[in-house]
Asker: 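Below is one structure. I have some questions about it.
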Amino acid sequence: MALGPDIVYTRVKDGNEVYILAKERLSAYYKDPGDYEIIEELTGKELEGTSYVPLFPYFKEFDKQNAFKTLVADYVTVQDGTGIVHTAPGFGEDDYNVMKNTGIPVVCPIDAECRFTDEVPDYKGVFVKDADKAIIKRLKDEGKLVKRENYLHSYPFCYRTKEPLIYRAISCWFVDISKIKEKMIAANNQVDWVPSHIKTGRFGKWLEGARDWAISRNRYWGNPIPIWKCDGSDYMEVIGSREELKEKSGVMVDDLHKHFVDEITWPSPDGKGTMRRIPDVLDCWFESGAMPYAQVHYPFENKEWFENHFPADFISEGLDQTRGWFYTLTILAAALFDKPAFKNVIVNGLVLAEDGKKMSKSERNFSDPKDIIDTFGADALRMFLMNSAVVKGEDLKYSDEGIKDVLKGFIIPFWNAYSFFVTYANIDDFKSDGVPKEPDNPLDRWILSEAESLISEVTEQLDRYDLSRALGYIVRFVDLLNNWYIRRSRRRFWRSENDVDKLQAYETLYSVLMTTIHVAAPFVPFITEEIYQNLKTESMPESLHLSDYPVANSEIRDLELEKKMEITRQAVSMGRALRSIHSLKIRQPLKSLYIVTRDTKERAVLREMEDIIIEELNVKDVIFKENEEDLVEYKAKANFKVLGKTLGKNMKAAAEKIEELSMMEIQSLLDGATLHLDYDSGELELKEEGIVIQRFEKENLKVLNEGSLTVGLDSEITEELLQEGTVRDIVRSIQNLRKERNLEVTDRINLKLSGSDWLKVAVDSFKEHLLTETLADNLVWEKTEKSVELNWGDVNCFIDLSRVNQV
RNA sequence: GGGCCUGUAGCUCAGUUGGUUAGAGCGCGCGCCUGAUAAGCGCGAGGUCACAAGUUCAACUCUUGUCAGGCCCA
């Protein structure tokens, strides 16, 4: 029995009996303090070693080993009971630990079916739970039961069968972890973890507290532990191979299952009996931990291969494997080779159901993966997972919506880029020989450069095992490809003749698509393979997944060109924003766009890309200016990062002064001057790097500013521009009508228009443009019964058209 | 009870060694564009960075505590 060392116990006289119990428990047994008399108070420590007569007569022989003397244990409390705990080392870990080095034998008088054994003759063969009533009755009859009560406490149940479990001591084989713990910690220090905190956190802490590993199981199925023991002594041998087993026993086994190897015996070399295998099989985690060796049958085969491939470059498993695979791999590798079993490990988090709960078979709170794959595709599912926090060891809430986003945001646009290429390549019967070309068009050189950048960015992220960031670059690239390269190049593919520029466009798009599918192959293996099968040349590998991963060629990269295109795209984006703010639709041509920047380099770049800007923004002219003062106002803010370190406490006062700087003063700083600044508690020599300039668009100007770039629109719509815009509206409507009337894009038409006199003048002024764009052979000014009426603002127009060969 | 992780827009998530207008995608509203697109583009609304205290000239960021969620262990 165990006592708490510092708990105060009382000897109380109750009639003719004397009881010992914790003082704090008295009130649980006596309603009235007058019912008892305290004889003595003693601490648990003082009572340690007191002999007692056990409730039952069993195991009397262990009296000599002090089995029936009190012990002290820290876990004893006065929360319930008497404050004295019956202790059975065969049925509880705490109990076992208390008695560990006392010399008291561990007894466990129940069999594998949890029935009492011979050692408890009165209840022999009775299932322990069924004996409760009889035991209570007996205690009562013998006058040993003082009080009986039921109380609620947690109890272990089998998670499969939901049956209550009995905790009992069994004899086991252990790996002595304390002997190799340091090696394991050292091995772990050589591993790179994703996410990194697991290394010293969850896994590191687990290793520090690692306890001995029970590797034996009392089962039938499993790998037999290869230990043979003499049945007449403690002599034993561990067998390392079939060959060794044959040497000992003369039997060569093919099948290593329990029922075969258990038959194998040989006379014990110590002459005291027969060598028989111990009955246990291995914990299956032992085999998981042995994977690096077992998978190649090392050391019996593939010795060289193993030595060149161990430790593994990387492994990947779930966060729950801290005490599973990660751990057992580490134990075996550290013990056998003094190394880690893997150099890198990506730990994924748990995939939770849409409701945020763990996916569960019994709750059925998840979509069938087969349905998901059938509906959205395996690539979409795979990319959704790879692009989520789950690859960084965090939880992920699964949702069909998330997968749809991947489909809409990446897979379909990606496929459309490919499909655009295929459509026109088929029309023009284009076939690439797969040899890289050096195109002249800056747009081609730009996207080729971006493709090389893609390779190096993705490679860099993959080397760091940052899958979602790697994917980010791929998504960005496909967006550039679709919404800038292809959009800006479309007209090059429409031309009817196969000129050099068109061929270069094809070669470029082909090459870029090839690069993209190679880079994206690990993320979206199916769609990329599908594209590959159609694009590959004879000499290329049979499958995309048999190709080497691309290596970036820095010679193709033109960082300056990439930067130029970025500035151009920014200017265009700002121009579009301006149009949107002032309700000037793109179809309406405008006189000019003003671009203002103090940066001479930026100005040069934008001039170079003038054509693109003119076309994208539908303006007649781009005018460059450097004096942005006309369009924007400056305000200065302190550059806290630069000034903060030196100014310290004075930062606030100085910042206030800086915000008061005039436009003139700011300009002088921009021109390289140094300003002397006095503030409350000190002074400062201010230079350009000490401030951050903010630009504000002046009121009533159609101007937009972003960083150093300011863009303005000349929004005056002249009569001529209005006419041109109107004609473009008509063109658009005719194109829609062509579609509505199911005309082929190549069909020629007869056109009939009608409307006001002003409209007629407008149409006449831009007649040629109108005819070319709509593939019209002729134009008649009349209204027919089939004419469709359209209007833009106060302009009305009647349109009719017919296919030329129908008339 | 202990260890580790997470908490930022309606949703899913970025946010470098602390530096002053906290970003993206989706969704929503409005508009534009369209002879590749079950498309695309622009603008807009939407935030007490879970909460509190502390350190600091300065905190989404560092420290401590509280709350909520998750995983592992007991």
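Being a predicted model, the structure only gives us computed values, none of them experimental. By convention in this document, chain letters (A, B, ...) are assigned in the order of the sequence lines, proteins followed by strands, and residues within each chain are numbered from 1.
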Asker: For A:K652 and for A:G393, locate the closest nucleotide of RNA chain B by heavy-atom distance; then report the residue assigned to the nucleotide nearer the 5' terminus.
Answerer: A:G393

Asker: Whole angstrom is fine here: how far is it from CD in A:E773 over to C1' in B:U34?
Answerer: 13 Å

Asker: Which whole-number value in Å describes the distance from A:F493 CZ to B:A36 C1'?
Answerer: 11 Å

Asker: Between A:E615 (side chain) and A:R488 (backbone), is there a donor-acceptor pair under 3.5 Å?
Answerer: no

Asker: Nearest to the side chain of A:R728 - B:A36, B:C41, B:U34?
Answerer: B:U34

Asker: Paired stems touching RNA chain B, three or more consecutive Watson-Crick or G-U pairs with both distances under 3.5 Å?
Answerer: B:1-7 with B:67-73, B:10-13 with B:23-26, B:28-32 with B:40-44, B:50-54 with B:62-66

Asker: Take atom CD of A:E659 and atom P of B:G19, then tell me their distance rounded to the nearest Å.
Answerer: 18 Å

Asker: Taking the P atom of each, how far is B:G25 from B:G42, in whole Å?
Answerer: 8 Å

Asker: Tell me whether the rings of A:F326 and A:F203 are parallel (<30°), tilted (30 to 60°) or perpendicular (>60°).
Answerer: perpendicular

Asker: Starting from P on B:C33, measure out to CH2 on A:W484 and report it in whole angstrom.
Answerer: 17 Å

Asker: Quick check for you: among B:G19, B:A39, B:C5, whose closest atom lies nearest to any side-chain atom of A:K408?
Answerer: B:A39

Asker: In whole angstrom, give the distance that lies between atom CZ of A:R323 and atom P of B:C71.
Answerer: 13 Å

Asker: Can you name the salt bridge (Lys or Arg N to Asp or Glu O under 4.0 Å) partners of A:R469, sequence neighbours left out?
Answerer: A:D466

Asker: Can you confirm whether A:F421 sits close enough to A:N534 that some side-chain heavy atom of one is under 4.5 Å from a side-chain heavy atom of the other?
Answerer: no

Asker: Taking only the C1' atom of each, what is the distance from B:C5 to B:G23 in whole angstrom?
Answerer: 24 Å

Asker: Between P on B:U20 and CG on A:L643, what's the gap in Å once rounded to a whole number?
Answerer: 12 Å

Asker: Please give the distance between the C1' atoms of B:A50 and B:U61 as a whole number of Å.
Answerer: 16 Å

Asker: Considering only atom P, compute the distance from B:C13 to B:U8 and round it to an integer number of Å.
Answerer: 9 Å

Asker: For A:L471 and B:A14, give me the distance from atom CG to atom C1', rounded to whole Å.
Answerer: 15 Å

Asker: Please determine, for the side chain of A:K641, which listed nucleotide (B:U17, B:C33, B:G35) has the closest atom?
Answerer: B:U17

Asker: Of A:H197 and A:R211, whose closest RNA chain B nucleotide lies nearer the 5' terminus?
Answerer: A:H197

Asker: Would you say the ring centers of A:F493 and A:F420 fall short of 6.0 Å from each other?
Answerer: yes

Asker: Look at the side chain of A:K205 and decide which nucleotide, out of B:U20, B:C41, B:C4, has an atom nearest to it.
Answerer: B:C4

Asker: What distance, rounded to whole Å, do you find between the two C1' atoms, one in B:G40 and one in B:U34?
Answerer: 8 Å

Asker: Mark yes or no for whether A:D95, through its side chain, and A:T87, through its backbone, hold a donor-acceptor pair below 3.5 Å.
Answerer: no

Asker: When the distance from CD1 of A:I427 to P of B:G35 is rounded to whole Å, what number comes out?
Answerer: 15 Å

Asker: Distance check, P atoms only: B:C67 and B:C51, in whole angstrom units.
Answerer: 16 Å

Asker: How far, in whole Å, is B:A59 from B:U21 if one measures between their P atoms?
Answerer: 14 Å

Asker: Nearest to the side chain of A:K585 - B:U21, B:C32, B:G35?
Answerer: B:C32

Asker: Taking only the side-chain heavy atoms of A:N416 (C-beta and beyond), determine which of B:A39, B:G3, B:U34 contains the nearest atom.
Answerer: B:A39

Asker: Between B:C57, B:C32, B:A36, which nucleotide has the shortest distance from any of its atoms to the side chain of A:I586?
Answerer: B:C32

Asker: For B:G27 and B:G69, measure between their P atoms and round to the nearest Å.
Answerer: 31 Å

Asker: Please check if atom CD in A:E685 has more than 12 non-hydrogen atoms from other residues, nucleotides or ligands closer than 6.0 Å.
Answerer: yes

